Undergrad: 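Have a look at this one before I ask anything.
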Protein chains: 2
Amino acid sequence: MPNDTCHCILLRKASRKVSSYYDEALAPLGVNIGQFSLLRNINRLAPISLTDLAVQVELDRSTVGRNAKVLERMGLVAIGHGEDQREAMLTVAPKGAAILKQGAPLWDSVQDDIEARLGAEKTRQLQELLAAL
Amino acid sequence: MPNDTCHCILLRKASRKVSSYYDEALAPLGVNIGQFSLLRNINRLAPISLTDLAVQVELDRSTVGRNAKVLERMGLVAIGHGEDQREAMLTVAPKGAAILKQGAPLWDSVQDDIEARLGAEKTRQLQELLAAL
DNA sequence: GCATGGAGCGGGTATATACCCGCGGTTCGA
DNA sequence: TCGAACCGCGGGTATATACCCGCTCCATGC
């Protein structure tokens with residue numbers, strides 16, 4: 001039964017499990033790791049259009065649009081218009097900036113935990129392998 | 001910006017990308033890697049209840065239930081009842097067995113491609129790391 | 001000036017995934 | 001034997017994710 005060794009299934013399992021680590025750490029802020037990461041990217045690139053952001057985070061544009069809308073409902077992100085009337089320009093709202101600030105140490109702690117558990121060498125291997133896939 | 005090094009985001013990206021490799025290979029059969037893998041597990045463990053299958057594949061029971069229902073609609077899986085009237089017992093239908101047979105070489109080819117690209121040593125590392133997370 | 005093509009988005013649809021709740025069937029103790 | 005605890009599921013809800021379609025707006029060629 002080669003099913004236990006399917007690279008895809010193992011990746012998905014690991015992805016779910018690791019996501020839950022970050023999600024738990026960020027739970028007090030009411031955001032999950034996907035939302036927090038998207039918020040960070042918007043902050044880093046703001047003002048940015050949905051399409052450009054989708055390219056940056058390597059997700060489908062419609063996915064980014066829906067996720068951004070959730071952040072907007074939460075009051076963390078503002079969705080305005082660029083010169084081009086078609087463009088939805090994203091910026092971080094004050095409330096979002098607060099979340100970024102409060103979330104940073106929480107994120108750090110999970111990241112550090114994982115690296116401590118793996119050790120420096122394996123952490124490097126992991127990053128390298130994930131990039132190589 | 002430590003965002004590019006977030007283990008979680010990198011894992012999710014890798015997971016999406018690698019899933020798409022398998023999905024493309026299996027597309028001619030009309031199933032994706034999640035469905036194919038679930039079908040394999042049902043075949044290996046049949047007859048098995050939803051709850052037990054969920055434990056095996058490390059997914060939420062309701063998720064397995066919904067996914068199984070899709071396979072049932074496709075005619076690949078039969079959902080019957082065990083002695084305990086509450087139990088939904090899963091077995092592979094003939095059509096599902098055919099998919100398993102046809103899919104095996106397609107799955108092998110993606111799996112081999114990935115291992116060839118990484119090399120034996122890194123493939124081992126990958127499996128080890130994913131298990132360690 | 002206007003038609004045509006292309007770009008940006010929203011929404012529809014489908015699966016993936018999780019959590020929680022309620023219904024109904026089982027079992028076991030009193 | 002009969003109610004209470006317990007177990008298995010389905011369904012509701014929410015996000016994550018992708019693909020496709022249609023609408024609107026822009027830019028360019030004529």
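A note on names: the letters A, B, ... follow the listed sequences, proteins ahead of strands, and every chain is numbered from 1. Reckoned from all heavy atoms, side chains included, excluding hydrogens, waters and symmetry mates. This is a predicted model, so every value here is computed, not measured.
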Undergrad: For D60(B) and dC9(D), what is the distance between atoms CG and C1' respectively, to the nearest whole Å?
TA: 12 Å
Undergrad: May I ask you to decide if R124(A)'s main-chain N or O and Q127(A)'s side chain share a donor-acceptor pair within less than 3.5 Å?
TA: no
Undergrad: Nearest 0.5 Å, please: how far is CG in L26(A) from OH in Y21(A)?
TA: 15.0 Å
Undergrad: Scan T51(A) against the nucleic acid and name what it touches under 4.0 Å (heavy atoms): base, sugar-phosphate only, or nothing.
TA: sugar-phosphate
Undergrad: Once you round it to whole Å, what is the distance between C1' of dA16(C) and CZ of F36(B)?
TA: 18 Å
Undergrad: Using a cut-off of 4.0 Å on non-hydrogen atoms, how would the nucleic acid contact of R61(A) be classed: base, sugar-phosphate, or nothing?
TA: base
Undergrad: What contact category does D84(A) fall into here, base, sugar-phosphate, or nothing, at under 4.0 angstrom with non-hydrogen atoms?
TA: sugar-phosphate
Undergrad: Is the shortest side-chain N/O distance from K69(A) to OP1 or OP2 of dT15(D) below 4.0 Å?
TA: no
Undergrad: Within this structure, what is the CG-to-P distance between L71(A) and dA14(D), rounded to whole angstrom?
TA: 16 Å
Undergrad: Which whole-number value in Å describes the distance from R66(A) CZ to dT17(D) P?
TA: 12 Å
Undergrad: Mind calculating the distance between CD1 (I9(B)) and C1' (dA16(D)) to the nearest angstrom?
TA: 11 Å
Undergrad: Are any of N32(B)'s side-chain N or O atoms less than 4.0 Å away from OP1 or OP2 of dT15(C)?
TA: no
Undergrad: Both G65(B) and V70(A) contact DNA chain D. Taking the nearest nucleotide for each, which residue is further toward the 5' end?
TA: G65(B)
Undergrad: Under 3.5 Å, is there any donor-acceptor pair linking the side chain of R86(B) to the base of dC7(D)?
TA: yes
Undergrad: Please state whether the phosphate of dA16(C), meaning OP1 or OP2, lies under 4.0 angstrom from any side-chain nitrogen or oxygen of T63(B).
TA: no
Undergrad: Separation of K17(B) atom NZ from dT17(D) atom C1', in whole Å?
TA: 16 Å
Undergrad: Distance check: side-chain N/O of S62(A) vs OP1/OP2 of dA18(D), anything under 4.0 Å?
TA: no
